[in-house]
Structures are given as structure tokens and as C-alpha cells.
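Reading through the C-alpha cells given below for one structure.
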2 protein chains.
Amino acid sequence: METPQERRDRRRAEKRQAIRTAAVKIALDQGLEAATVEAISAAADISPRTFFNYFSVKEEALVMEPLWRPEEFTGLLAARPDDEPAFESLKAVARILAARVGPIWADARLFGELRRRHPELAAKVRAADETKLMEDVFAAVRDRPGVSGKLHARLLVIGTFGATISAVQEAAESGGSVEELLEEALTLLENGL
Amino acid sequence: METPQERRDRRRAEKRQAIRTAAVKIALDQGLEAATVEAISAAADISPRTFFNYFSVKEEALVMEPLWRPEEFTGLLAARPDDEPAFESLKAVARILAARVGPIWADARLFGELRRRHPELAAKVRAADETKLMEDVFAAVRDRPGVSGKLHARLLVIGTFGATISAVQEAAESGGSVEELLEEALTLLENGL
DNA sequence: GCAAAACTTGCAGAGTGTGCAAAAGGTGCG
DNA sequence: CGCACCTTTTGCACACTCTGCAAGTTTTGC
């Protein structure tokens with residue numbers, strides 16, 4: 001059975017996807033210029049005002065659902081044992097996140113072309129929270145074993161983020177396995193570039 | 001002597017700084033909300049239209065002049081000997097960029113508080129070109145000696161960027177020397193996190 | 001001092017995003 | 001069914017960013 005709340009959530013998610021699809025289609029067919037909120041709403045058969053009930057920024061409709069939400073990342077990190085060395089914890093979290101790519105891989109391919117043409121889209125969407133997230137994660141990593149200072153904490157976080165993103169990107173381009181590429185990247189970081 | 005072109009450039013730079021100062025002052029005194037283009041222009045005694053002759057995006061007036069321009073980065077890299085190992089080249093470029101912080105250090109402190117309160121500002125400004133720049137640099141690094149593949153290239157670039165930014169940030173917060181912190185960060189990367 | 005070049009400004013307009021209140025739709029229950 | 005309750009959609013007004021264009025002002029070169 002499905003509770004009413006679940007039904008609402010599911011419908012909402014479906015509609016969100018439908019709007020996304022309409023948006024991406026327009027951007028690919030007619031150029032990013034043509035993908036105005038008005039045009040997207042018309043194609044998705046909703047009012048422009050409703051568009052903003054689903055996406056808080058236009059560009060959000062033009063990129064993949066993110067692999068992680070900021071709150072979540074710190075949560076995953078906090079769930080690791082307190083005495084685990086920082087790098088081990090970060091690696092574990094990176095593996096969890098990389099594993100999520102699988103289910104939405106088709107998605108990833110759908111958005112690939114658009115992202116190739118307009119790499120600034122993703123950056124714009126995440127600009128808002130990414131930097132704040134980094135700061136939070138730095139703070140969380142600092143107090144873990146195996147961290148020699150704030151500079152070390154920063155590099156660990158940037159490195160692990162970077163490894164995850166690179167692995168996913170690389171997999172998308174060359175068709176390799178995300179998991180294997182991630183391990184390769186993490187090993188490079190661990191042993192020195 | 002000063003050629004007319006030089007004079008114009010200098011005046012332009014001065015005015016740009018003046019507008020910036022006005023903008024940051026408003027944002028710090030009355031909140032980011034209050035820092036509209038209209039308010040900034042009024043404070044800087046120019047028309048709103050003129051504001052956009054100096055900055056192509058509002059946020060540009062609220063953050064430090066960037067340490068590097070995208071084109072420049074690839075240029076610096078290309079200027080390194082062809083047979084130099086990639087990591088050495090990147091380190092050299094990082095050192096050049098970090099050295100630039102000195103002259104604008106007062107600046108950096110001025111913008112520090114605002115950046116602490118609104119970390120999304122910097123990201124928003126750079127969202128446009130940063131991703132494209134990365135791709136270019138990846139490509140340039142790939143063909144250098146000592147790079148085992150695209151994944152390695154990506155990590156080298158992200159790592160060196162990250163080290164530079166981290167060193168600057170860390171120096172701003174704890175008052176250390178940018179050069180020393182950069183060396184520390186690069187050593188960590190080289191020997192493994 | 002005058003013509004060319006560079007810079008500033010006003011204006012009109014397209015586009016994003018928000019608050020609010022009214023309308024529409026779905027749900028539960030007697 | 002029919003009526004109350006909650007959620008979602010929508011229209012409207014509005015603030016704000018950013019652009020193109022043309023007219024006005026200043027700077028520069030001779």
C-alpha cells in the first residue's frame with residue numbers, strides 16, 4: 001500500500017523529472033538561450049510560477065539531481081567511528097557516494113551533452129551551498145585522528161571531493177567503472193601525486 | 001611619462017576599486033540585501049548603467065580581484081619547458097600565483113569578513129569560467145611527462161588549485177606566510193595525504 | 001579649437017525570482 | 001454524496017539584474 005503522503009511525494013518527483021526533461025530537451029534542441037522559464041513551463045504544461053515551486057533556481061532544472069546533499073555529507077561523515085583516521089572516513093564516504101551513480105547512470109548520460117556544452121550550469125547551481133559545505137566538512141575533519149592541521153584537513157577534503165568528481169567524470173567519458181576509477185584516484189592521493 | 005592609454009587604464013582601475021569599496025562597505029554595514037546595483041551606484045556616484053561597464057556581474061564588485069585569469073593560467077603553464085614533469089610545472093605556476101597575494105594583501109583582509117559571511121559570492125562570480133578553465137588545464141597537463149592518464153591529470157590540477165587556494169585561505173585566517181603554507185601543502189600532495 | 005575616440009548615461013525591455021491571496025484539486029469522513 | 005480540511009497551482013504585482021541602443025559628455029590628438 002501507499003500512504004497519501006508517499007503518493008504525493010512520488011507524484012512530485014515525477015513532475016520534477018518531467019519538467020527537467022522538457023527543459024533539457026529545449027536547451028539541446030534550440031540552445032540554452034531558448035530555455036527560458038516561460039518556454040520550459042509551457043512545454044511542461046505548468047505555469048511559470050509553478051516552475052519555481054519545483055526548482056528554486058532555473059539552472060537546477062538543467063542539471064542532474066546531485067549525488068549528495070550538503071547536510072547529508074556531514075551526516076555520513078559523522079556516522080563513521082570517531083577514532084577512524086580522517087582519510088579512511090573520507091574514503092568510505094566517497095565510496096558510498098560513488099556507488100549512487102549506478103542507479104541514475106542513464107540520467108547522467110542524458111545530461112552529459114548539455115553539460116559538455118555549458119559547463120557553467122552545474123557550477124552555478126551549486127555555488128550557493130558548496131562553499132559552505134566545504135567549510136563544515138573541514139571543521140568535521142579537523143578533529144579526527146591523522147590530521148596534522150587545518151591545511152591538511154583542507155587538502156584531504158578537496159582531494160577526496162576531487163577524486164570522487166574526477167572518477168565520475170572520467171567514467172562518463174571513457175566508459176570505465178566508477179568504483180575502480182575512484183580507487184585508483186584515492187590511491188594516487190594516498191601515495192602522492 | 002604616461003601614455004594616454006596607460007592613464008585611462010589607471011583611472012579605470014581606480015574607479016573600479018572605488019566602486020568595489022563602496023559596494024563592500026554597503027554590504028558589510030547594511031547587509032548583502034542592501035547592496036543592490038542601484039545603491040552601490042549611488043554610493044559610488046555613477047549611474048546604474050555605468051556599473052555594468054565596470055562589472056559584468058554584480059557579485060564581481062563584492063569579491064577580490066581574482067589572483068589569476070583563466071587564459072593566463074594556461075599561458076603560464078605553456079611557458080614551462082616541455083619536458084618538465086607535470087607536477088613540477090604546476091607547482092611552479094602555483095608559486096607564481098601565490099606570490100601575487102602579497103601586493104593585494106590589504107585588499108584580501110578587507111574582503112575577508114564579507115567572504116566569511118557570504119561564501120557563495122566568490123563561487124557565483126567564478127562559476128562562469130572556472131569549469132572551462134579546468135578542462136583546458138587538464139588537456140594541457142595530460143601531455144606532459146610524469147602523467148599516467150587523464151585521471152592523474154585531473155587530480156594533479158585539482159590538487160594544485162586546491163593547495164593554492166587552501167594556502168591563501170589559511171594564511172588569511174591564521175596569519176601565516178602564504179609561501180610557506182603553499183610549500184607545506186604541495187609537499188603533502190607530493191608525498192601522499 | 002576641433003574632430004575623432006572613449007566613456008557615461010537614460011531608456012526600454014527581457015528575464016529571473018518572491019510574496020501573497022485566490023482558485024483548484026485531493027482526502028477523509030459522516 | 002456533500003462538506004470541511006489540506007495541499008498545490010496559479011495570477012498578479014513587484015523588485016531586481018543585465019543588455020542593446022542611441023544620445024550626450026569628456027578626453028585626446030593634432
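On a predicted model such as this, the values are computed, not experimentally measured, just so you know. All chains are named by letter (A, B, ...) in the order of the sequence lines, taking the proteins before the strands, and each is independently numbered beginning at 1. Quick note: numbers below take in every heavy atom, side chains included, and nothing from hydrogens, waters or symmetry partners.
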To the nearest 0.5 Å, tell me how far [X] [atom1] sits from [Y] [atom2].
X        : Y        : atom1 : atom2 : result
A:Arg144 : A:Leu77  : CZ    : CG    : 5.0 Å
A:Phe138 : A:Leu151 : CZ    : CG    : 9.5 Å
A:Ile46  : A:Ile19  : CD1   : CD1   : 3.5 Å

Residue pairs involving residues 36-58 of chain A (criterion salt bridge (Lys or Arg N to Asp or Glu O under 4.0 Å); sequence neighbours excluded): none

Salt bridge (Lys or Arg N to Asp or Glu O under 4.0 Å) pairs, two or more places apart, involving residues 18-37 of chain B: B:Arg20-B:Glu65, B:Lys25-B:Asp29

Test log, rule side-chain contact (heavy atoms from CB on, under 4.5 Å), inputs B:Leu133 and B:Trp68: CA-CA 11 Å; B:Leu133 166 60; B:Trp68 61 77; 3.9 Å; yes

A:Arg16 side chain vs A:Tyr54 backbone, donor-acceptor pair below 3.5 Å: yes

Side-chain N or O of B:Arg7 closer than 4.0 Å to phosphate OP1/OP2 of D:dT28: yes

Round to the nearest Å and state the distance from [X] atom [atom1] to [N] atom [atom2].
X        : N      : atom1 : atom2 : result
A:Ile40  : C:dG17 : CD1   : P     : 10 Å
A:Glu6   : D:dT7  : CD    : C1'   : 17 Å
B:Lys58  : C:dG17 : NZ    : C1'   : 13 Å
A:Phe52  : D:dA15 : CZ    : P     : 18 Å
A:Ile26  : C:dG15 : CD1   : P     : 13 Å
B:Lys124 : D:dC16 : NZ    : C1'   : 11 Å

Neighbour count above 12 (heavy atom, 6.0 Å) for A:Arg69 CZ: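 Open.
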
Co-membership, hydrophobic cluster, residues B:Leu189 and B:Val178, 4.5 Å side-chain: yes

Between side-chain atoms of residues 154-167 of chain B and protein atoms elsewhere (two or more places apart, or another chain), which donor-acceptor pairs fall under 3.5 Å?
residue	atom	partner	partner atom	Å
B:Arg154	NE	A:Glu170	OE1	3.4
B:Arg154	NH2	A:Glu173	OE1	3.3
B:Arg154	NH2	A:Glu173	OE2	3.3
B:Thr160	OG1	B:Leu156	O	2.5
B:Thr164	OG1	B:Thr160	O	2.8
B:Ser166	OG	B:Gly162	O	2.7

Check the interface with nucleotides 8-10 of chain D: list each N/O to N/O pair with the protein under 3.5 Å, or write none.
residue	atom	partner	partner atom	Å
D:dT9	OP1	A:Lys15	NZ	3.2
D:dT9	OP1	A:Tyr54	OH	2.9
D:dT9	OP2	A:Tyr54	OH	3.4
D:dT10	OP2	A:Ser47	N	3.0
D:dT10	OP2	A:Thr50	OG1	2.7

Please write out each protein N/O paired with an N/O of nucleotides 22-24 of chain D under 3.5 Å, distance rounded to 0.1 Å.
none

Residues touching DNA chain C, which here means a heavy atom under 4.0 Å, drawn from residues 30-38 of chain A: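 Output list: A:Thr36, A:Val37.
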
Full working for side-chain contact (heavy atoms from CB on, under 4.5 Å) between B:Glu135 and A:Gln169: CA-CA 11 Å; B:Glu135 291 300 325; A:Gln169 197 108 354; 3.7 Å; yes

